[in-house]
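Okay, structure first, notes after.
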2 protein chains.
Amino acid sequence: MPTTLADFQRVEEYLHAHQQDFIEKLKTFLRIESVSADSKFIPEVKRAAEFVEQELASAGLETTIYETAGHPIVYGSWLKAEGAPTVMVYGHYDVQPADPYHLWKTPPFEPDIRDGHIYARGATDDKGQMLTHVNSAASWLKVVGELPVNVKFVIEGEEEVGSDNLEKFLNEHQEMLKSDIAVVSDTSQFAPGVPAITYGLRGITACEIKLTGPAQDLHSGLFGGSVANPVNVLAKLIASLHDADGHVQIPGFYEDVLPLSEEERTQLGDLPFDEAALFDALGVSAGYGESGFSTLERRWARPTCDVNGIWGGYQGEGPKTIIPSEAGAKISFRLVPNQNAEKINASLKTFLQNQCPPGIKFSYQQFHGCGGLVFDPNSGWMKSASAAIEHAFGVAPVFIREGGSIPVVSTFKEVLGIDTLLLGWGQTTDNLHSPNERFSLEGYRQGTLASARLWHELASL
Amino acid sequence: MPTTLADFQRVEEYLHAHQQDFIEKLKTFLRIESVSADSKFIPEVKRAAEFVEQELASAGLETTIYETAGHPIVYGSWLKAEGAPTVMVYGHYDVQPADPYHLWKTPPFEPDIRDGHIYARGATDDKGQMLTHVNSAASWLKVVGELPVNVKFVIEGEEEVGSDNLEKFLNEHQEMLKSDIAVVSDTSQFAPGVPAITYGLRGITACEIKLTGPAQDLHSGLFGGSVANPVNVLAKLIASLHDADGHVQIPGFYEDVLPLSEEERTQLGDLPFDEAALFDALGVSAGYGESGFSTLERRWARPTCDVNGIWGGYQGEGPKTIIPSEAGAKISFRLVPNQNAEKINASLKTFLQNQCPPGIKFSYQQFHGCGGLVFDPNSGWMKSASAAIEHAFGVAPVFIREGGSIPVVSTFKEVLGIDTLLLGWGQTTDNLHSPNERFSLEGYRQGTLASARLWHELASL
């Protein structure tokens, strides 16, 4: 029989009484160094998958760990809500590399609670946010013995490296994964006290380029002037990516970009956005970006290009007068709906290679990519999520877009044909991908409550 | 009483008989990790100074180790050749950093003899070449009991980091150091079998720039487009240093450059230079440099600009989608006679700083600098050196210029008013400043013999 509002209220009381238990559970999860980008952490990534599986199992879900060519995918389902919608909850247990370690106030894998936040790599991206849904499902089953909706948890371990094996998994298990809607908490609130539902995401594509000149480092005096210097050439290639106005110069880069509607520009302009406060928080005296667009437009609705890392030659103390043998850089692009990652990579590779002078070998490695997308902010799903958030946060959420990428959201659309509710409990200032990543305990509490309420709201759809 | 040709011939026999001892001595010297650029090697640098002092003392010179604000200077003199010229022998016991270590076939500080060469950091630059003069003086004193000329050895430990404290030393000891000519073996032969006297050197100036953007690494999705990326900006700065033809773009950079005479261009063009063989040895498919000049002109007689190292953001395995907080680069310039390092640094700093966008902090640290210079290839000193080399190598030397810098040579001119004989026993292909640095045993033997003969030749001036 269907669950009731009274059932939810008993769950709400239970959540209130057990908040400390949920914090301890998160701490245990955060101590696992599940860095997916670096192969030396493989055993830790495996431990993180097992942790998630055990949590889902002890909550009362049927669970399986699916091995992949990379890191495993944890699946857990509870399907006894006859006639009710089926919700797929997606999250990831892997985290970004923690370097540079020396910039962390407390060690990245030793969770520390201070000023109302829990600090650790993965606190908000995505261990803490993902656990809110595990907690809420566990609480419903513990208190009520059932869930208002059917749930299918898909928790992967390769989100930070492009979810290379998730698409294959989704394709191979389409029947098992059949759902009505997906729920993902891997985004942020708009600001403290301003919860948000994200209806648009940017896509991403990334690559690594390497330039090789002389067979080994050369004395810059004996040979300076006779051969091309890979670092100088690399700088020239990177500089050529933007013009003086911050526009990307790769041929065809903006070709498929859909213009922002005046209506949306107005709506974005109306958000309570404190630009000065943002730049202050980031520690910059001023912002910078593509001319002709506001900061929010640049972050959410315009494609961008950033070098994520660069190296070459001598990086030690003091001078060393050499011509380096090699130089390299990691470059990533944030894409907007309708841009094509493959097309951009092909154009980029040619654009860069054609600029290399004689005596320089050029190599190009493409990392993961996905397109950006936008959902209808007025759907019934969105209304249910809005109501759940309003109950938990005491205020209705704003509807925003987000500059980050969640590649699987487009895969869900393509492979399973379902939309995704992007419900963020963290803040953009929580140092995602940075030293001193954190998640507010209040966001963790409210997120768990909103999740519990969401199951109730969705049941009536 | 003056020494005779017969005396020299006895010394020559002694050298022939004791070559193996000289090799063992060099090996001992090369095992000392005297890297001056990196403070963690300070004790090793001190050991190298002590080694040199002991060699000079046991040869029969009066020695002193002079402490400086940096690494010590070893002084040794023998001044009993009444009426004969006084020769200052300069060399350095410090070496370049050995990284990247993994590219060495045998460890950089464990000398290995193979295919007629001794392989180790400092083998040719400058431990091996400098020892030839210590060996020859020691042999004269051992065999003949005196030297044909007065000698003053000045062996420093900061050549690879700009000889910051040598100038002060020279100024403070002008009377003690008073000499007629300086001899330095820190250059190269023109090619195997083609010994050379170097009559021109390029100068150098070097700097490190650092760009700081956000207070810490940022998520490139959440913030990409809103702040300037220090790596992208750094690349733009470096790219601006050259135009499409390889000309340096810093305002005033070429202002003081003296044009090459047609006569010298012809003479350089007549040298037996195998360009294809050079590029093959360097492992490049083709050369690259300032348009309008030959490869030798670019290396010896034209100023150049090279980035020696660059860093910023994530350099590990796989992707990491961040906007780095910091980026930096080491840049060095080779200068030609009449260019002014201070003037160029001032112009460079302004040139780069003015290109930084809002939100980027720019810092500039100038390393050492010195001007380039050219000596008269027809002086009596040059003729004596030529005769000595012809005796030892069996062929007269060619007169060349060199792209490297020996800052102290200009200091000798300014402070002591003396010219320098630049007599190189190594090869440009000996991997100076690179992994697998080496020195041919034959060059070591011939250099020692030429040095012994040089004292004889100079005595008659």
Side-chain angles (χ1 to χ4, degrees), chain A residues 37-38 97 161 206 214-217 219-222 224-229 231-232 235-236 238-239 282-289 295 298-299 302 304 306-323 332 334 357-359 367 403-405 428 432-435, chain B residues 37-38 97 161 206 214-217 219-222 224-229 231-232 235-236 238-239 282-289 295 298-299 302 304 306-323 332 334 357-359 367 403-405 428 432-435:
Chain A
D38 191 336
V161 289
Q216 59 193 354
D217 295 350
H219 188 297
S220 68
L222 296 183
S226 53
V227 298
N229 180 320
V231 179
N232 289 76
K236 183 181 152 202
I238 292 169
L282 301 184
V284 293
S285 62
Y288 179 81
T295 296
R298 290 167 178 167
R299 283 171 59 193
R302 294 294 297 174
T304 52
D306 276 294
V307 177
N308 314 117
I310 190 167
W311 60 90
Y314 182 63
Q315 302 184 17
E317 189 181 340
K320 185 175 187 220
T321 50
I322 55 166
I323 299 171
S332 67
R334 296 293 167 165
F367 293 136
S405 313
T428 57
L432 291 79
H433 294 209
S434 305
Chain B
D38 190 337
V161 288
Q216 59 193 353
D217 295 350
H219 188 296
S220 68
L222 295 182
S226 54
V227 298
N229 179 320
V231 179
N232 290 77
K236 183 181 151 202
I238 292 169
L282 301 184
V284 294
S285 62
Y288 179 82
T295 296
R298 291 168 178 166
R299 282 170 59 194
R302 294 294 298 174
T304 52
D306 276 293
V307 177
N308 315 116
I310 191 167
W311 59 91
Y314 181 64
Q315 302 183 17
E317 188 181 341
K320 185 175 186 219
T321 51
I322 55 165
I323 298 171
S332 68
R334 297 292 168 165
F367 293 135
S405 313
T428 56
L432 291 79
H433 293 210
S434 305

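In the text below, chain A, chain B and the rest are named by the order of the sequence lines, each starting its count at 1.
For chain B, the option among A37(A), P357(A), S285(A) with the highest count of heavy-atom pairs below 4.5 Å is A37(A). Heavy-atom pairs under 4.5 Å with chain A peak, among V161(B), D38(B), L432(B), at L432(B). Counting heavy-atom pairs closer than 4.5 Å to chain B, the top-ranked of the candidates P435(A), G224(A), G403(A), G313(A) is G224(A). In terms of heavy-atom pairs under 4.5 Å with chain A, the best-connected choice from K236(B), R298(B), Q315(B) is Q315(B). Ranking I310(A), I322(A), T295(A) against chain B, the residue ahead of the rest is I310(A), based on heavy-atom pairs under 4.5 Å. The residue among I238(B), V231(B), V284(B), N308(B) with the most heavy atom pairs within less than 4.5 Å of chain A is N308(B). Chain B forms the most heavy-atom pairs under 4.5 Å with one residue out of G316(A), S220(A), S405(A), and that residue is S220(A). When each of P214(B), G309(B), P319(B) is scored by its heavy-atom pairs under 4.5 Å with chain A, the top score falls to P319(B).
Atoms CZ and OG, from R302(B) and S226(A) in turn, are 15.0 Å apart once rounded to the nearest 0.5 Å. For the atom pair CG (N232(A)) and OG1 (T304(B)), the distance works out to 10.0 Å, reported to the nearest 0.5 Å.
Between the D217(A) side chain and the S434(B) main chain, no donor and acceptor come within less than 3.5 Å of each other. Of the possible donor and acceptor atoms, one in the side chain of N229(A) sits under 3.5 Å from a partner among the backbone N and O of V307(B). The backbone N or O of L222(A) lies less than 3.5 Å from a partner atom in the side chain of R299(B), making a donor-acceptor pair.
Pairing each heavy atom of A235(A) with each of A239(B), the nearest pair is O-CB, 3.9 Å. Of all heavy-atom pairs spanning F367(A) and G318(B), the tightest one is CZ-C, 4.1 Å. For the residue pair A228(A) and Y288(B), the shortest heavy atom distance occurs at N-CB, 3.5 Å. For the residue pair W311(A) and Y314(B), the shortest heavy atom distance occurs at CZ3-O, 4.1 Å.
When heavy atoms are compared at a cutoff of 4.5 Å, S332(B) approaches chain A solely by way of its side chain, counted from C-beta outward.
The shortest distance between side-chain heavy atoms of R334(B) and T321(A) falls below 4.5 Å.
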